[in-house]
There are 2 protein chains.
Amino acid sequence: MAALLKGEASGYDLAKAFDATVANFWMSTPQQLYRELDRMEAEGLVTARVVEQERRPNKRLFSLTEAGRKAVHAYTAEPLGKPAVVRDELLVKVQCLDAGDMEAVRTAIAERMEWATAKLARYERLRQRLLDGRSEEAYFAEAERIGPYLTLLRGMSFERENLQWGDMALRRLEQRTAALRADG
Amino acid sequence: MAALLKGEASGYDLAKAFDATVANFWMSTPQQLYRELDRMEAEGLVTARVVEQERRPNKRLFSLTEAGRKAVHAYTAEPLGKPAVVRDELLVKVQCLDAGDMEAVRTAIAERMEWATAKLARYERLRQRLLDGRSEEAYFAEAERIGPYLTLLRGMSFERENLQWGDMALRRLEQRTAALRADG
DNA sequence: CATACCTATTCACATTTTTGAGTATCAGAG
DNA sequence: CTCTGATACTCAAAAATGTGAATAGGTATG
């Protein structure tokens with residue numbers, strides 16, 4: 001979770017930033033964040049600074065300590081435990097499609113595609129903001145941090161794949177129902 | 001979990017079949033399977049049939065009941081709760097790459113690529129087994145069940161994307177270290 | 001003939017994740 | 001002036017998941 005601390009931020013800020021940037025490969029609820037932050041504070045990896053706000057509830061701004069920075073470094077160095085965890089209900093439905101409600105599955109795929117389109121658009125906006133007018137080449141050469149950009153690209157390619165696959169699947173299903181109808 | 005019951009099978013069989021076919025979008029431990037099977041038996045969605053084996057421990061063969069079949073149908077019809085859950089440690093490391101151990105992250109990406117290659121090969125073998133000599137066109141037209149084939153294709157495109165992205169990322173990182181060295 | 005791994009399942013426990021609410025303040029809409 | 005919604009958290013409890021080992025016979029390897 002230390003992944004998200006590249007600047008000072010409140011738990012609330014993080015929860016939102018999460019959605020925008022890392023939701024792609026890691027999901028989380030606010031509760032989890034706060035718990036982790038508390039834990040990390042106890043371990044001395046982050047420090048909290050309470051900011052009194054006149055017209056808002058107080059918030060705690062967290063920042064990485066030297067120890068935290070080291071922990072991040074150590075984390076990246078250690079071998080990765082598991083390859084990846086994917087859990088996609090849509091694909092479960094597609095898997096049982098032949099014994100299930102074909103029409104509903106089709107709708108579900110279409111919905112997923114819409115959703116992917118929207119996400120792709122958001123990613124693209126974020127990407128343009130990161131690039132800030134520069135070419136990708138220039139960005140990779142100049143930018144301070146390229147990690148987030150690389151993960152963003154992975155998220156984009158994932159959503160594009162979703163779209164392509166969905167398109168293919170819908171076409172195939174249509175062909176099939178047409179063929180089956182013709183067959184009797 | 002009802003997703004995997006298209007034929008009679010023991011818990012052990014399922015656990016293995018899982019790895020081969022659905023591990024792609026759903027992960028599970030044996031315990032979870034057995035627990036779910038017990039639960040589903042209690043709910044009447046599956047029936048168990050004990051098979052005595054001379055030279056092996058006895059096993060219970062499960063099959064879907066009519067109620068189970070209906071439950072599957074109902075499941076595919078209901079709207080999907082969450083889009084998907086991805087949780088990839090590699091991308092977390094890539095995200096912190098700039099504050100972490102660049103060399104280690106590079107190794108991790110390379111490892112992931114090897115792993116993806118292996119997985120792709122297994123998927124391809126499975127695909128050939130499903131096609132069984134037929135063309136894809138023919139398969140979609142004739143086959144009894146196309147759901148598993150569609151999810152398999154999704155798994156394959158996912159791994160291919162992993163490879164492409166990894167390749168790109170490694171190239172960029174190399175370029176960058178070269179550029180930074182030249183810069184001082 | 002010892003060793004290790006495969007079948008087939010179960011148990012107990014630990015950890016994680018999710019769910020759903022509760023607290024409190026302020027801004028803007030109607 | 002009330003109501004909704006955003007900010008900024010916290011708590012308790014349930015549900016799901018994962019860990020690690022125990023059991024117990026069989027089969028293949030050296």
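The shown structure was predicted, so the numbers you read here are calculated from the model rather than taken from an experiment.
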Taking atom types as modelled and ignoring hydrogens, do the side chains of R160(B) and S157(B) form a donor-acceptor contact shorter than 3.5 angstrom? no
Considering only Ile, Leu, Val, Met, Phe, Trp and Tyr, and joining two whenever side-chain heavy atoms are under 4.5 Å apart, list the other residues clustered with V85(A). none
ILVMFWY clustering at 4.5 Å (side-chain atoms), partners of F158(A): F158(B)
Euclidean distance, atom [atom1] of residue [X] to atom [atom2] of [N] [Å, nearest integer]:
X	N	atom1	atom2	answer
F18(A)	dT17(C)	CZ	P	11 Å
E52(A)	dT7(D)	CD	C1'	16 Å
D13(A)	dA6(D)	CG	C1'	13 Å
L33(B)	dT9(C)	CG	P	11 Å
Q32(B)	dA12(C)	CD	P	19 Å
D38(B)	dA12(C)	CG	C1'	15 Å
E89(A)	dT18(C)	CD	P	12 Å
K59(B)	dA8(C)	NZ	P	4 Å

When hydrophobic residues are tied together by side-chain contacts of less than 4.5 Å, even through go-betweens, does M156(B) share a cluster with W165(B)? yes
Enumerate the side chain to side chain donor-acceptor pair (under 3.5 Å) contacts for residues 100-115 of chain A, please, sequence neighbours excluded, ordered by first and then second residue. D88(A)-R112(A), E103(A)-R106(A)
Side-chain N,O ([X]) to OP1/OP2 ([N]) below 4.0 Å:
X	N	result
Y12(A)	dT7(D)	yes
K16(A)	dA8(D)	no
S10(A)	dT7(D)	no

Tell me what R35(A) touches on the nucleic acid: a base, only sugar-phosphate, or nothing, going by heavy atoms under 4.0 Å. base
Using atom names, set out every protein N or O paired with an N or O of nucleotides 20-24 of chain C below 3.5 Å, distance rounded to 0.1 Å.
residue, atom, partner, partner atom, Å
dG20(C), O6, Q31(A), NE2, 2.8

Candidate nucleotides dT17(C), dA8(C), dA8(D), ranked by approach to the side chain of R87(B) - the nearest: dT17(C)
According to salt bridge (charged side-chain N to carboxylate O under 4.0 Å, His left out), who are the partners of E161(B), at least two apart in sequence or on a separate chain? none
Which angle, rounded to 10°, do you find between the first-five-pair axis and the last-five-pair axis of the helix from dT7(C)-dA24(D) to dG30(C)-dC1(D)? 30°
Pairs where residues 131-140 of chain A contributes a residue and the test salt bridge (charged side-chain N to carboxylate O under 4.0 Å, His left out) is met, not counting sequence neighbours: R127(A)-E136(A), R134(A)-E142(A), E136(A)-R172(B), E137(A)-R172(B)
Per the salt bridge (charged side-chain N to carboxylate O under 4.0 Å, His left out) rule, what does the pair list look like for residues 11-36 of chain B, sequence neighbours excluded? E36(B)-R39(B)
Mind checking what makes ring-ring contact (aromatic ring centres under 6.0 Å, His included) contact with Y139(A), not counting sequence neighbours? Y149(A)
Take Y34(B) and V85(B), find for each the nucleotide of DNA chain C with the closest heavy atom, and name the residue whose nucleotide sits nearer the 5' end. Y34(B)
